[in-house]
Amino acid sequence: MNSTALPQAGSGPLLDVRALRKVYAGRGRSVEAVRDLTFSVGAGELVCVVGPSGAGKTTLLKCIAGLLPPTSGELVLEGAPVQGPPPGMAVVFQEYGRSLFPWMTVQQNVELPLKQKKSLDKARRRQLVRDALAAVGLADVPDAYPWQLSGGMQQRVALARAVAYEPHILLMDEPFAAVDAQTRADLEDLVRSLWQRLGVTILFVTHDIDEAVYLGQRVLVLSASPTLVLDDVAIDLPAERDQLGTRSSARFGELRAKVFGQIQRAKGARPTDPAPPTDPALPADPEHADSDPADSPADVPPPRQSTDAGSR
Amino acid sequence: MLSAPAATNGTKAVVSVRSETDSQQVAKRPAASSPGGGRRIGSALGRAAWWTAAVFGLPFGLLALWWVLSADSETFYLPPLSEILASFDDVWLHSDRLAADVLPSLLRLAAGFLLAVVVGVGLGVLIGSFRRVRAFCEPVLEFLRAIPPPVLVPVLMLFAGFGNTMKVLVVLSGCVWPILLNTVEGVRAVDEVLTETCRCYGIRGPARLWHLVVRSASPQIVTGLRQALSVGIILMVISEMFAANNGLGYTIIQFQRTFAVTDMWTGILLLGLLGFLLAMLLRLFERSALHWYFGLRQSQRDDGQR
């Protein structure tokens, strides 16, 4: 807001969102989608943003991506204010069917953004495409068209395109909301493994609490629109996560309950008028925070899915 | 979705290409030496026979009807089809008319049509991309489109004389509208998510124009091309009927004026045949340029049924 001293590249946070506000001005009526968002994301972090549906999550993400100008507030990425889509950023959209070029093969889709980078020669470009496709498990379908693939595989292509672009920050807008539950579990693990391998910063927007807790190092809980940051939950689960073990651990259940309680609160009340705390039925008690995961599996809400998840 | 179970196994199960695509690929090479190939060849032959019947059945039926009905015709203006076909050879193949008349006509048509593609797609992309330009141009476009192009022939004669330039301009003036208007519609309908994808990945300038805008609009552009082709053939003939010393339209008019009615009918037949061949050519182009579109539509239909 008042800070003109930008953080030094490398020392400060990679992404800084300060007092972001976005009002859509319509004819005679304006809608305040985002009221006041302030948070930052450090380099190499995996931060999940979760909020009730219609919470302005997509608006937030589009502002960060430079696709929408904010009404007020500041967006600083790598020390530079965001004024248009920044070069070191890749985005994976929810609508995989509409974000891939249907007239291009998988390989051409991944390669097209790289062709805009003048510094890459053809051999290097091809190498990046091959590596990215291999990283998402699609090495053997470079010549297929997106519409020949299932939804989960199309989203893998979109992910490969983002990875090949070698971004510093990867924005994901509910990327797995439209794929089935089992494919989704695989894609979640894929995101975590890519993140660990590449060291890229990821901002992952979702409406799914389980997904947010499972994936993130931090979970930002947003209120209903007009949006505020309600809570910033640190996820202290072990770095090595797996669908079966992690999701059935006691700690996972607690964190999930904590976020769930916040979301319920957000849905129940306007952000300007905070409601009384958490639903008593949920074990949202902070005293449980240090309990051993193996102790009380019976207290834990059942994991969202378990079939096929341990196969990796 | 059909391949969802395959995708659950993640990296290993990339047997992705959907089954209908498999069957399409099989259909393209029916003689594949696989077990059960005999039956496949049989069904492919059946399909080919059905296709042939569907394509040629009605034309040959109509020709046969014409043949029978005109067989005893005594009317000077309606000679029997047998006579027309008998003189077709002499009039067109055993003379220099293919080189002297048909070829110039086709070249003028091609020039006018291709110029119309360049102008129509170029202006269409410009007008479709910017709302303000569209609002500015729309009334004028509607007015110009409403003028029947044959009316322009006398006007264009004043400016461009009687030569090829005038005829190419006449063809251009008629062909450009369907291409232009369809391109505008296609460009307006470019998907928003794809547009944002291009912005995020720094795809702009000529790359964006080609890979996003033109390719997105290509189904509509091809629709425009098809409409423009039929308009173009009509205008090619009309322009040659006004003032020319060669060309198909000129020749047909000459036959008519010299009461060579049978020869005139052969010209009309040839014109129809040419139109048919050109439409087929365009169809071939459409098949290769828009194969992704047909595949996409097919897969969307299949998803809808599931």
Side-chain angles (χ1 to χ4, degrees), chain A residues 62 65-67 84-87 89-91 93-106 108 112-117 134 136-141 144-153 156 158 161-162 165 167 171 179-183 185-187 189-190 307-308 311-312, chain B residues 1-22 24-25 190-208 210-219 288-303 306:
Chain A
K62 284 193 174 167
L67 295 170
M89 172 182 284
V91 182
F93 293 94
Q94 179 186 345
E95 304 96 334
Y96 50 80
R98 289 166 59 198
S99 87
L100 297 172
F101 296 91
W103 44 86
M104 289 185 190
T105 62
V106 165
Q108 289 166 338
L112 183 65
L114 306 183
K115 285 189 176 168
Q116 316 308 316
K117 291 189 173 182
V136 301
L138 288 179
D140 47 356
V141 290
Y145 286 88
W147 38 267
Q148 294 175 314
L149 307 176
S150 69
M153 298 178 74
R156 279 170 195 266
R161 179 170 64 186
Y165 197 60
L171 304 182
V179 297
D180 63 275
Q182 287 161 21
T183 308
D186 287 337
L187 290 170
D189 288 337
L190 178 63
T307 49
D308 195 47
S311 65
R312 280 166 176 268
Chain B
M1 233 172 247
L2 187 73
S3 36
T8 54
N9 290 335
T11 48
K12 273 168 266 170
V14 265
V15 207
S16 54
V17 180
R18 293 181 176 187
S19 61
E20 60 266 19
T21 323
D22 282 343
Q24 276 168 12
Q25 284 170 348
V190 171
D191 192 285
E192 199 187 325
V193 177
L194 268 187
T195 309
E196 289 185 344
T197 302
C198 280
R199 283 187 65 194
C200 287
Y201 286 109
I203 299 162
R204 46 181 114 77
R208 179 180 182 279
W210 172 250
H211 291 298
L212 175 70
V213 180
V214 175
R215 293 303 297 272
S216 284
S218 57
S288 73
L290 293 186
H291 79 107
W292 63 269
Y293 179 66
F294 301 123
L296 176 69
R297 285 242 312 255
Q298 179 72 42
S299 77
Q300 283 168 346
R301 265 201 297 276
D302 292 341
D303 282 351
R306 254 170 242 140

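Small disclaimer: the values here were computed from a predicted structure and weren't measured. Every chain is numbered from 1 and lettered A, B, ... according to where its sequence line falls, protein lines coming before strand lines.
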Check whether [X] gets within reach of chain B through its side chain, its backbone, both or neither, counting any heavy atom under 4.5 Å.
X: A/Lys62; result: side chain
X: A/Pro102; result: both
X: A/Phe101; result: both
X: A/Leu100; result: backbone

Closest heavy-atom contact between [X] and [Y]?
X: A/Pro85; Y: B/Cys200; answer: CB-CA, 4.0 Å
X: B/Glu196; Y: A/Phe93; answer: OE1-CE2, 3.7 Å
X: B/Val193; Y: A/Ser99; answer: CG1-CB, 3.6 Å

Hey, could you give me the [atom1]/[atom2] distance between [X] and [Y], rounded to the nearest 0.5 Å?
X: A/Gln148; Y: B/Ser299; atom1: CD; atom2: OG; answer: 8.5 Å
X: B/Phe294; Y: A/Trp147; atom1: CZ; atom2: CH2; answer: 11.0 Å
X: A/Arg98; Y: B/Glu192; atom1: CZ; atom2: CD; answer: 6.5 Å

Q | Top of B/Leu290, B/Thr195, B/Thr197 for chain A proximity - count of heavy-atom pairs under 4.5 angstrom | A | B/Thr197
Q. Pick from B/Cys198, B/Gly205, B/Gly202, B/Ser218: which one has the most heavy-atom pairs with chain A under 4.5 Å?
A. B/Gly202
Q) Crowded around B/Arg208 CZ? As in, over 12 foreign heavy atoms under 6.0 Å? A) no
Q. So which of A/Lys117, A/Gln116, A/Glu95 has the biggest tally of heavy-atom pairs under 4.5 Å with chain B?
A. A/Gln116
Just by distance, do the side chain of [X] and the backbone of [Y] share a donor-acceptor pair under 3.5 Å?
X: A/Trp103; Y: B/His211; result: yes
X: B/Tyr201; Y: A/Leu114; result: no
X: B/Arg199; Y: A/Gly66; result: yes

